Amino acid sequence: MRIVDMRSDTITQPTSSMRRAMFEAEVGDDVFGEDPTVNRLEEMVAERLGKEAALFVASGTMANLVSQLTHCGRGDEMILGDQSHMFFYEQGGSAALGGIHPRSLPNKPDGTIPPAEIEAAIRPEDVHFPKTKLIVLENTHNRCNGRPLDAGYIHSVAKLARRYGLKLHIDGARLFNAATALGVAAEDLVAEADSVSICLSKGLAAPVGSVVCGTEEFIARARRNRKIVGGGMRQAGVLAAAGIVAITEMVDRLADDHENAGKLADGLANIPGLSIDPEMVSTNIVYFDVTKENLTARILVENIDRQGIRLLPTGPHRLRAVTNYHVTSSDIDYVLDVFSDTLKRL
Ligand code: TLP
């Protein structure tokens, strides 16, 4: 059976060039700072994002957690979107492990939080209040239609952070998707951030790994926090080798994923019983709704799953499809045919 897996871009398999690089990787003990391949990946990503230093970690969740632990102490507050991955999908890890107080503000459908709302949420000095320390943005914004945040918006939030002496962290799990969609260098989207995390194991297809970037001083403290959450890895160059290939060979092709997502969105818009605004789709993430009476997202997903097409229901009537390295333009034609037939049947 033809399989088209669009549950996420995390399902991507390493390329043959990654497997070769992993096989041949020169390695050492990274807790001693002696893994040449990890060191090379860290230098490479720091340079690419215009930051002083970088730290290789096991996952996007660990990258965000380590960043939060490094910026905030117990009882400090961070401002973040109520749809952000860090608020929504990371088990409240920074509260559980770091005693960090989350102040969530509503995200707009484009992933932004109006700067005036952020400013209004910053705590004045008062014995009753926690201390605001950190503002978090997510780019692209996973739950907000995979939207990219542009440099102008990021600048307005960074200016606020500076004015109030706060830090700015960007969850850039899909930062290269944002840069591709906006036609700018990734570096320009994080120039004013104090820390940024990027994922190698999503659209870039590496099997494991994320990288946190910031100043030398920040990364030195983040390295201690990585160790305390159990993330000090030893001969991790085997993994970093795939990450190097991800950064050097897999960024330019993200435009193909965006094109396929656009084609999917246009096609879904013409299928009765589904609802989508194709204008909202500008990267590799496509959200749409089932509007046909008595049909739920779960039932639709089960039906098309039987025909080899995999997606995730993200609400009673909402679905998410994520184009990725393994999904071709002809797969999108197939997916649209299956959706069309299935909706006539159900
Ligand atoms: N997102 C996953 C799921 O957890 C929802 C996905 O399939 O999209 N930041 C952002 C913006 C993310 O989308 C994700 C993963 C993470 C962080 C966490 O990365 P991992 O899974 O490596 O811990």
Side-chain angles (χ1 to χ4, degrees), residues 5-14 45 55-69 78 80-94 96-97 102 104 107 110-113 136-149 154 169-179 181 186 189-190 193 195-213 226 229-231 233 236 239-240 242-243 246 254 257 261 281-287 297 301 310-315 318-327:
D5 193 343
M6 294 194 290
R7 286 170 301 165
S8 183
D9 45 10
T10 59
I11 59 88
T12 42
Q13 299 272 321
V45 177
L55 182 70
F56 181 50
V57 296
S59 66
T61 303
M62 187 185 280
N64 288 332
L65 176 61
V66 161
S67 301
Q68 292 165 94
L69 293 174
M78 68 175 166
L80 76 181
D82 64 349
Q83 298 302 311
S84 67
H85 194 278
M86 284 166 67
F87 185 66
F88 212 92
Y89 287 128
E90 298 183 9
Q91 277 193 40
S94 64
L97 304 182
S104 66
N107 280 115
D110 65 359
T112 59
I113 310 166
V136 171
L137 297 176
E138 182 175 317
N139 204 8
T140 62
H141 202 296
N142 182 345
R143 284 182 60 84
C144 293
N145 299 291
R147 297 291 295 184
L149 305 180
I154 296 168
H169 173 71
I170 296 182
D171 174 355
R174 297 185 180 84
L175 183 72
F176 292 108
N177 293 85
L189 297 175
V190 297
S195 59
V196 53
S197 54
I198 59 136
C199 287
L200 303 165
S201 63
K202 301 201 163 54
L204 304 184
V208 178
S210 291
V211 181
V212 182
C213 299
R226 180 185 69 174
V229 296
M233 298 185 283
L239 304 173
L254 291 175
D257 293 346
V281 177
S282 51
T283 64
N284 66 333
I285 299 184
V286 180
Y287 282 96
V301 164
R310 299 189 180 144
L311 318 173
L312 286 182
T314 58
R318 202 161 175 74
L319 297 95
R320 185 187 81 162
V322 185
T323 55
N324 61 67
Y325 176 50
H326 304 300
V327 176

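All ligand and atom numbering here is 1-based and tracks the order in the structure. Numbers here are sequence positions counted from 1. Quantities reported herein were computed from a predicted structural model and do not represent experimental measurements.
Here Arg226 pairs with Asp30 under the salt bridge (Lys or Arg N to Asp or Glu O under 4.0 Å) rule; sequence neighbours left out. Residues forming a side chain to side chain contact (heavy atoms under 4.5 Å, CB included) with Thr12 (at least two apart in sequence, or on another chain): Ala205, Asn324, Tyr325, His326. With sequence neighbours excluded, no residue forms a side chain to side chain donor-acceptor pair (under 3.5 Å) with Thr323.
Between the side chains of Tyr89 and Arg143, at least one donor N or O sits under 3.5 Å from an acceptor N or O. For the residue pair Arg320 and Asn142, a side-chain donor N or O sits within less than 3.5 Å of a side-chain acceptor on the partner.
Residues Asn64 and His169 meet the side-chain proximity criterion, which asks for heavy atoms closer than 4.5 Å.
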Tabulated below should be the N or O atoms of ligand 1 paired with protein N or O atoms at under 3.5 Å; can you produce that?
residue  : atom   : partner : partner atom : Å
ligand 1 : 1 (N)  : His85   : NE2          : 3.2
ligand 1 : 4 (O)  : His85   : NE2          : 2.8
ligand 1 : 7 (O)  : Ser8    : OG           : 2.7
ligand 1 : 7 (O)  : Arg320  : NH2          : 2.9
ligand 1 : 8 (O)  : Asn142  : ND2          : 2.9
ligand 1 : 8 (O)  : Arg174  : NH2          : 2.9
ligand 1 : 8 (O)  : Arg320  : NH1          : 2.9
ligand 1 : 9 (N)  : Asp171  : OD1          : 3.2
ligand 1 : 9 (N)  : Asp171  : OD2          : 2.7
ligand 1 : 13 (O) : Asn142  : ND2          : 2.9
ligand 1 : 13 (O) : Arg174  : NH1          : 2.9
ligand 1 : 19 (O) : Lys202  : NZ           : 2.9
ligand 1 : 22 (O) : Gly60   : N            : 2.8
ligand 1 : 22 (O) : Lys202  : NZ           : 3.2
ligand 1 : 23 (O) : Gly60   : N            : 3.4
ligand 1 : 23 (O) : Thr61   : N            : 2.9
ligand 1 : 23 (O) : Thr61   : OG1          : 2.6

